[in-house]
Novice: 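Can you keep this structure in mind? I'll have questions shortly.
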Amino acid sequence: EPEVTQTPSHQVTQMGQEVILRCVPISNHLYFYWYRQILGQKVEFLVSFYNNEISEKSEIFDDQFSVERPDGSNFTLKIRSTKLEDSAMYFCATDQGALTSPKTDTQYFGPGTRLTVL
Amino acid sequence: RKEVEQDPGPFNVPEGATVAFNCTYSNSASQSFFWYRQDCRKEPKLLMSVYSSGNEDGRFTAQLNRASQYISLLIRDSKLSDSATYLCVVTPVDKLSFGAGTTVTVRA
């Protein structure tokens with residue numbers, strides 16, 4: 001069964017450093033998302049991405065965050081200058097929607113990257 | 001008011017028992033509704049979609065009440081493997097809005 005993959009599984013960084021989290025979506029999926037979950041809290045939406053542009057973002061997704069699909073396969077989340085409060089699990093998700101069918105709202109999640117900011 | 005509210009539990013039930021819990025949502029424009037399951041420190045996994053007519057998947061039954069804006073999940077004949085956090089999810093726009101989850105622990 002196709003699945004979303006994410007690397008690295010765990011990233012430790014110093015406050016103020018830049019990090020890039022990577023996701024490989026399910027092939028032929030065209031809708032991509034990033035979510036985060038701070039330990040003990042709920043899953044929170046960060047950003048959605050379609051047709052090489054952001055379609056929606058939350059208030060969490062400020063200027064420190066950016067997303068791109070640099071090579072047509074990877075989907076990345078960059079945090080420019082990490083803060084202690086960025087420590088969380090970051091999940092990538094993709095939607096079944098494809099060129100020939102509409103977005104289904106059924107999202108498949110990757111295993112996540114645990115980001116620890118020291 | 002929170003977008004999605006759930007009873008956090010925990011629900012501690014013996015094997016074979018039935019357990020049910022609800023969630024309420026605030027945005028009446030929400031289009032799609034789901035129950036996801038999350039095991040400790042793992043990714044959310046889709047358990048089932050929820051339809052207005054109600055739907056069943058094996059031991060799991062989900063109901064949606066649009067008028068009262070609540071969703072329910074019932075688990076029959078609980079198994080040890082059902083122990084998890086169950087996340088109520090709605091889609092008001094182009095994203096998933098998650099509840100904080102209801103923790104279920106099934107004991108032998």
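Given the structure is predicted, the values throughout are model-derived calculations rather than measurements. In what follows, every chain begins at residue 1, and chains take the letters A, B, ... in the order their sequences are listed. What you see below is based on every heavy atom in this structure, not just the backbone, and it leaves out hydrogens, waters and symmetry mates.
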Novice: Any luck finding a side-chain donor-acceptor pair between Tyr33(A) and Glu56(A) under 3.5 Å?
Specialist: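 No donor-acceptor contact under 3.5 Å links the two side chains.
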
Novice: With ring centroids as reference points, do Phe33(B) and Tyr25(B) lie under 6.0 angstrom apart?
Specialist: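 Distance test on ring centres: under 6.0 Å, yes.
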
Novice: With a 4.5 angstrom heavy-atom cut-off, which part of Gln41(A) approaches chain B: side chain, backbone, both or neither?
Specialist: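 The answer is neither part of Gln41(A).
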
Novice: Measure centre to centre between the rings of Tyr31(A) and Phe49(A), then say whether the value is under 6.0 Å.
Specialist: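 No - the distance between ring centres of Tyr31(A) and Phe49(A) does not fall below the 6.0 Å cut-off.
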
Novice: Which region of Phe109(A), side chain (C-beta onward) or backbone (N, CA, C, O), has a non-hydrogen atom less than 4.5 Å from a non-hydrogen atom of chain B, or is it both or neither?
Specialist: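 For Phe109(A), the contact with chain B is made by backbone and side chain together.
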
Novice: Check whether the side chains of Thr113(A) and Gln11(A) place a donor and an acceptor atom closer than 3.5 Å, and report yes or no.
Specialist: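 No, no side-chain donor-acceptor contact under 3.5 Å.
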
Novice: Taking every non-hydrogen pair under 4.5 Å, which of Pro44(B), Ser49(B), Ala100(B) racks up the most with chain A?
Specialist: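 Going by pairs under 4.5 Å, I would pick Pro44(B).
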
